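Here is the structure we will look at.
What's counted below: heavy atoms across the whole structure, side chains too, no hydrogens, waters or symmetry copies. If you're wondering where the values come from, they're calculated on a predicted model, not measured in any experiment. In the text below, chain A, chain B and the rest are named by the order of the sequence lines, each starting its count at 1.
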Amino acid sequence: MAFPKAGRLGPDNFPIVVALCCIVLILAGGSVYTVSTNGTFSLLSPSYLLQQLQIGAFLGIVASGAMLVILLGHIDLSVPWTLTAGAMMATAVGGPLAIPAGIATGLAVGLVNGLGVTLLRVPSMIFTLGVNAVMGGLMVAYTGGYAPQTDATPLMRFLASGRILDIPANALLWLVVAIAISSMLRFTAFGRQIYMIGNSEAASYLSGLRIRRIAIATFTLAGGLSGLAGVLLAGYSAKAYQGMGEPYLLPAIAAVVIGGTSILGGRGRYAGTIVGVLLMVLLNSVLSIMQMPEAGRQIIYGVVITAMLLIYSREGARR
Amino acid sequence: VAGPKEVSGPGAEPACFAPWDSSTGYLQWPKAEAPFKIAVVNGFVGNLWRIQMVQTAKAFVEQPDIKGKISSFKIVSTGNDAAAQLGAIEDFINQGYNAIIVDAVSPDGFDRVIRLADKNNVVIVPFDNTLDTDKVIQVNENQFEMGRQWGEFLVKELNGKKDAKILEVRGVPGNSVDRDRHEGIHEAFKNAGGNYQVVEVVGNWDDGTAQKVVADAIAVNGQFDAITAQGGDTGVVQALMAAKHPWVPFAGESENGFRKAIATYSSEGLKGLSIGQSPGLVAIAIKAAISALEGYPMPKKIAVPLPSADYTNLKDDVNYWSKLPDNFFTVNAFPPCNVNITATEIMSHNQENQ
Amino acid sequence: MSSSTASSPPFLQLSNVGKTYGGVRALEGVDLTCRRGSIHAIMGENGAGKSTLIKTVAGVVRPTTGEIRLEGVPVNFHGPAEANAQGIVCVFQELSLMPDLTVADNICAAAPPRRGGLIDMKAQRRIAEELLASIGCEDVHPLASVHDLSLSRRQMVEIAKALGKKPKLLILDEATSALTRRDVETVYALLERLRDEGLCLLYISHRQAEIEKLADTISVFRNGRHIETFSKGTRTNDEIVRMMIGREITAHFPPKPPPPPASAEPPLLSLENLSWDRQLKSISLDVRKGEIVGLGGLDGQGQKELLLALFGVLKGVSGTVRINGQPAPLHGPVDAKERHALALIPEDRKTEGLMLNMSIAENLIAASFDKIAPAGIVDRAREKQAIDEAIRRLQIKVSDPHNPVSTLSGGNQQKVVIAKWLMTGPQVLLLNDPTRGIDVGTKQEIYRLLRDLAAEGTGILFYSTDYEELIGCCDRVAVLYDGHVVAELSGAGLNEHALIESALNLGPAGAVAPAHEEALS
Amino acid sequence: MTTATATGDIAIRLRRHRGLIVAVITFAVLYGIYNLNHPRGFSSQVMVQNSTEAFSLVMLAMAQTMPVLMGAVDLSVGAVMTLCNCLASVLLSGSPLQIALGAVLCLAAGTAFGAVNGLIVVYGRLQPIIATLATGAVAIGIALYIRPTPGGSVDDDLSWALTNTVSDFLETYGLFPDGLPGWARFVGAIPVPLIMAVILAFLCRTILARTVIGRTIYAIGSSEGAAYMSGLPVARAKIAAFALSGFFAACGGLFFALQTSSGNADIPQAGAYTLNSIAAVVLGGTSLMGGSGGAIASLFGALILRTISFSFRIFSVDPLIQPLVEGGILLAIVSFGAVHLLRVKNTLELVR
Ligand SMILES: Nc1ncnc2c1ncn2[C@@H]1O[C@H](COP(=O)(O)OP(=O)(O)OP(=O)(O)O)[C@@H](O)[C@H]1O
Ligand SMILES: Nc1ncnc2c1ncn2[C@@H]1O[C@H](COP(=O)(O)OP(=O)(O)OP(=O)(O)O)[C@@H](O)[C@H]1O
Ligand SMILES: [Mg+2]
Ligand SMILES: [Mg+2]
């Protein structure tokens, strides 16, 4: 069921609570480390937490798109180069049109994904993989042939790393995205229909839903969010560069799933994605602060995700 | 038997093909008939360094003195796949290529293709990411030395502050370049005899990652007295600015953005040293391969001088470009080798192509 | 109990068996005994617990309470494989064929013949051919993929598969619901032979005629409880129905209105020379306002395709369709629903009709977003009102509309599908065998509902495999054979004899098409 | 049904193996073009090179086939390959007995890791795609722990013998000191990795097509509920499928160690292999929904993928355009599958 009644710990809320507990554990573990090394509780300081919010906002926006596609019962593996292309196009265009150009690039790639998945009926996992390769190829060819401008505009920089009332501007932007998407999922026909298609495409089709249009719109929206994330990331780094999208694909999917969204589609809440994103970002940050070697970092990463999902599925089985 | 002979030096053009150190041996191949067929087998291609390298290679073989010596020139990129890279090398050997220039995916695993190359008198020249072998001639900058110079610079700029807190931003874990630079840095610190507190974070030579981890490190550890970063330096600079961290001595790579930052803020305390791996290495590697095919003895390990610049000698339009993008790698030309394609030339070259 | 063999223990004995799903009591305190050499029918309305009973016996679900004894020995199965090993074989209500595998692979799925440790393909094929031949299905190729077969053929393959397991207890849970008349005869003969060979057979069906013909013992279930077991012929039909639904049933079918006078008004739905692929051949048919038109004939003669074609699901349909006299091109379900106010109750409610994991409420509104979300924003009040009304109108038995629709019994699930479409206010209703696997009580409700809708002016096109239903419910029946309409029956001409005759294309019109074995659809 | 079905049999088989046939033809065309334009096309050396390069990917395609036939995906195959590669770089040296033991240990480790994936999926009830995403990270972590920096050593002779022709193999081990017998001369030009790949692919195919476990794997992909109801060993088959997936990934890792004489816990490389394994399976015509397809099809899928990149060594394509061309061809081939949509006349079949 997509919309549990408020007030009870429904199957969709359980993962959110577990993930929140996990976040508390991570912060506690990290604090033990900082106290023992520096004698400070710097992880609990507002400045550190706000900074994590700022860093998390990029992943949050990517994960928003990933969640929509996953709810639809698909997956978007084109995130890395869509994001990069968005960033590179934004900086190449520059000026006031930079941000629209970046987002439009993402929307265009998303549109191609949507068309391929719905009209050609290629499984999304493979089509978006191909689109990612093509976008990578395009960006390499583009950089090699045209030596584009890569400096972010001041507005991009402000949106990515500026502060409004001491709150990171990009976190506020994520908040806007979050409110927009969660109300879309709850209150609009489009959002509800995403869940329906994710549950059963055949039944949705025979119910007279515009399944193609909805799928195309969802992929396009997800692409646009990747483009937006690219624009912001370029603002954060003050420039666009080729590898910038790579670290966002798998963490975004992991964040969505840790947040309780079913990887099969049709089920999940946006609040879960928020919590999942914060968990991933904090885990990464705390491991980095603890100077954990890469080997240990990967193992912890895998174990945390597995353990959390096992807890969710046990809970699901108990019901 | 086919294959190179171990010979003693000196080799050809020592100013350009400088031996790594006094113990470096020499190899000599039987002289082959020009013009030669030469291939460049690159691994990953999705970053600006590699793109700039590919452009440099393309431009270099068009130069008049080189053009006549090459009958066929191919560049392929195999991605992050050692099997594909080894396969491409073997394929070019099978196709009868005379020399193969390699930016290796992995420092190991080339025994088989080297064996095949020797059988067929093919010269393999690894550069940039080089191999853990002494059976080929290799071209690189001395990464350990680079690290040492970074370390010594910081020690100098710290003006005798022996208990300084230093932030070290490392590269891709497990990579030999990361290891060598790291060891060089710590060698310098050790020699200085200080009691430095070094905080290590992993930046993966990536601006975004470096920026994030530096932001975290500052949030938790407070201020640092000096910084060294193996890559992603503009990301580090961004993190410092965002955290309003005061400018401190900073030794790092050679991205244009980093040099621009040094030029702009050195008066405020960003006393920077910039040494970097140059995409122009590929040109020297091609030149070395041709020289070997012409029958000259060549050092097994060729040390390319470290292209270094610090806050005292940065000059706009000479060793950095304030009008050009940050990502650009500033050092491309090596006059002693007659490799004179500058970074800006590569750009204008492209713009004409449009 | 009519059992008389007191000496040996009964073959299957259930005592105090109960099963709860969460809060739902699907079975409660069931005592039941089955003998060898008998066909034991289980009857009950939808949700009575028949399937659950079968599943406990077949090892698919573990009973929460009670004990099951097989030949006097208590058994406790951990899955259908263990039950099979003991000779308990079940043909389930939801087919258990693997559609991508071949017929032979399916038939020999669990215990294929082996040679040298590997599956022996030749032997497997031989076994499959023999089993198919034994139930008169020589037309099914053992190497064909199951998904290329029609539903009726699949049910036959399923039966062959069950026989291949050499059962001692054979359970058929509505296994004949889609079979063609001819197959049913074959299956009857087969079941009787098996009974005579000493097998114990448990038979579940909602078709009273079948049970009357086959069963020797009948058990009736209601609300998860075993009501009574008796020998055939000791109770009248009315008594049985009363036992099943706990109330009196008066007339089976609502009365038909008199045929409307011929009017100049164009028919609501009018098909002219509709053809598609090799399965629809120049079909012409009218449905007038307020009329229920049946589609008859053997299964797989194009009835299903005709409904899908009208709903715009098929590509490359030729001919003209008019709605209220206006040409109505067939672009797809969206178009059919929004522009022409058509509604289709699909064949398979689990995959085509419902989103099983979603709530009852979500399923009900799935086709009506244009009504409850006029500007794209869902109007919560309107949504709730629509859901409540739908549940009330069709008397869907729900404890909470926010529960997943999968927790409903088959009949109530079907009601959800119908309610979903009624909410759209259709002018033409296309029904694909809507009462398959539905109990008499619910069937009656559906018949009455259809009649009421017709009276309100809806045109209804209604495909059914049940002749009785076609006769009782429809004003007119078009019989299809090999994609042609071979007869249109109405009034007194609409009787069982005429239906069967035209279904087999034996009518006076003669063979329209060369006799064509329906095998691959 | 004896005589009349002879042609019916062939028609039905062609229909069932359409994907495989398309893959074989695509490969034959691409590979033919490559060889025709290669200065030493159709020679033993070229075959040796090609099969050595393709071997690990072929193994990963086998590894991926198992879960994909069940309608699942294993995102850990690249990581397990890397783990076994690193293990092999530690274990594959010393006396012949030690080497053999090392190889067995590597294969066992991969199989065990796969089995753990299976256990998590079956008893933890996790979706395979996400469970293996997580366990893949663990595998890479262990690999990095075993081999923090690239290196290690692998027996030279074995490495040379298994990456060359049969006659090189026999020579390396001096099996026929007095000259090769007739049969050995006859097969001498065949590359050893090709032989091993074919044997392992047929092993994989036999397991899938001719054992109850294999049939259950297909059955699960076709309809898991029906498989369970039919009394098939669903849980066991799932665990076995992941264990076999681990086994084939380990074969890939082991060969990778022989080919490169070293181990390297390279994260991007592991990711590339995982994604390529999925692409290979799809190019072979196996449906990601499960139920249909097979090992031989995946073999050809992997070969197609490799052949695309072979072409850049023959034809002059601007190096900075190559990634675009490669991505474009991949996208084009998978989109080519869309032509079958033109034949679909019942749109309901498309949304299943
Ligand atoms: N998996 C389940 N979870 C929850 N409730 C269930 C489940 N399966 C069945 N039920 C409930 O158990 C009751 C008995 O269902 P069952 O399927 O046995 O009925 P039935 O007599 O076979 O009905 P029908 O004739 O419609 O097939 C119903 O109320 C149904 O809703
Ligand atoms: N000689 C035979 N006699 C009877 N049935 C056979 C025979 N050979 C194959 N089959 C059936 O045909 C199907 C196809 O099997 P076959 O082994 O010929 O093809 P295949 O190439 O192995 O298929 P795949 O590539 O899917 O593994 C099998 O599942 C089996 O049911
Ligand atoms: Mg039932
Ligand atoms: Mg087969």
Given heavy-atom pairs under 4.5 angstrom as the criterion, report whether the side chain, backbone, both or neither of A:Met125 touches chain D. side chain
What closest approach, in Å, do A:Ala295 and D:Tyr145 show between heavy atoms, and which atom pair accounts for it? CB-N, 3.8 Å
Segment of A:Val140 engaging chain D (4.5 angstrom heavy-atom cut-off): both
Can you give me the closest heavy-atom contact between A:Val134 and D:Gly327, atom names plus distance? CG2-C, 3.4 Å
Please classify the contact between A:Ile263 and chain D as side chain, backbone, both or neither, with a heavy-atom cut-off of under 4.5 Å. side chain
Other residues, nucleotides and ligands only: do more than 12 of their heavy atoms fall within 6.0 Å of CZ on D:Phe315? yes
Highest number of heavy-atom pairs under 4.5 Å with chain D among A:Leu250, A:Ile126, A:Leu138, A:Ile211 belongs to A:Ile126
Among A:Val257, A:Ile305, A:Asn132, A:Val304, which residue forms the greatest number of heavy-atom pairs with chain D at distances under 4.5 Å? A:Val257
Backbone N/O of D:Gly124 and side chain of A:Ser313: donor-acceptor pair under 3.5 Å: yes
Can you tell which part of A:Ile300 gets under 4.5 Å to a heavy atom of chain D, answering side chain, backbone, both or neither? neither
Side chain / backbone / both / neither for A:Val303 at chain D, heavy atoms under 4.5 Å: both
Approximate separation, where rounding is to 0.5 Å, of D:Thr135 OG1 and A:Ile299 CD1: 12.0 Å
Can you say whether D:Leu275 sits under 4.5 Å from chain A via the side chain, the backbone, both, or neither, judging by heavy atoms? both
Within the structure provided, determine whether D:Val334 and A:Leu129 are in side-chain contact (heavy-atom separation under 4.5 Å). no
Do you know which two heavy atoms are closest between D:Ala134 and A:Thr306, and how far apart they sit? CB-OG1, 3.3 Å
Shortest non-hydrogen contact from D:Ile120 toward A:Leu310: CG2-CD2, 4.4 Å
Where do D:Val138 and A:Gly302 come nearest, in terms of heavy atoms and distance? CG2-CA, 3.8 Å
Taking all non-hydrogen atoms of both residues into account, name the closest pair between D:Thr347 and A:Tyr205 and its distance. OG1-OH, 2.6 Å
Determine, step by step, whether A:Ile75 and D:Ile129 satisfy the side-chain contact (heavy atoms from CB on, under 4.5 Å) criterion, reporting the C-alpha distance in whole Å, the side-chain angles of both residues, the deciding distance to 0.1 Å, and the verdict. CA-CA 11 Å; A:Ile75 197 155; D:Ile129 181 172; 4.0 Å; yes
Leading residue by heavy atom contact count with chain D [cutoff under 4.5 Å; candidates A:Met135, A:Arg297, A:Glu294]: A:Glu294
What part of A:Val131 gets closer than 4.5 Å to chain D, counting heavy atoms only: side chain, backbone, both or neither? both
Say you draw a straight line from CG of A:Leu206 to CG of D:Leu348; how long is it, rounded to the nearest 0.5 Å? 5.0 Å
Show your reasoning for whether side-chain contact (heavy atoms from CB on, under 4.5 Å) applies to D:Ile130 and A:Ile253. CA-CA 9 Å; D:Ile130 203 75; A:Ile253 295 174; 4.0 Å; yes
Assess the residue pair A:Gln298 and D:Ile267 against the criterion (side-chain contact (heavy atoms from CB on, under 4.5 Å)); give the C-alpha distance rounded to whole Å, side-chain angles, the decisive distance to 0.1 Å, and a yes or no. CA-CA 10 Å; A:Gln298 292 284 344; D:Ile267 299 177; 3.4 Å; yes
At a 4.5 Å cut-off on heavy atoms, which part of D:Ile278 comes close to chain A: side chain, backbone, both, or neither? both
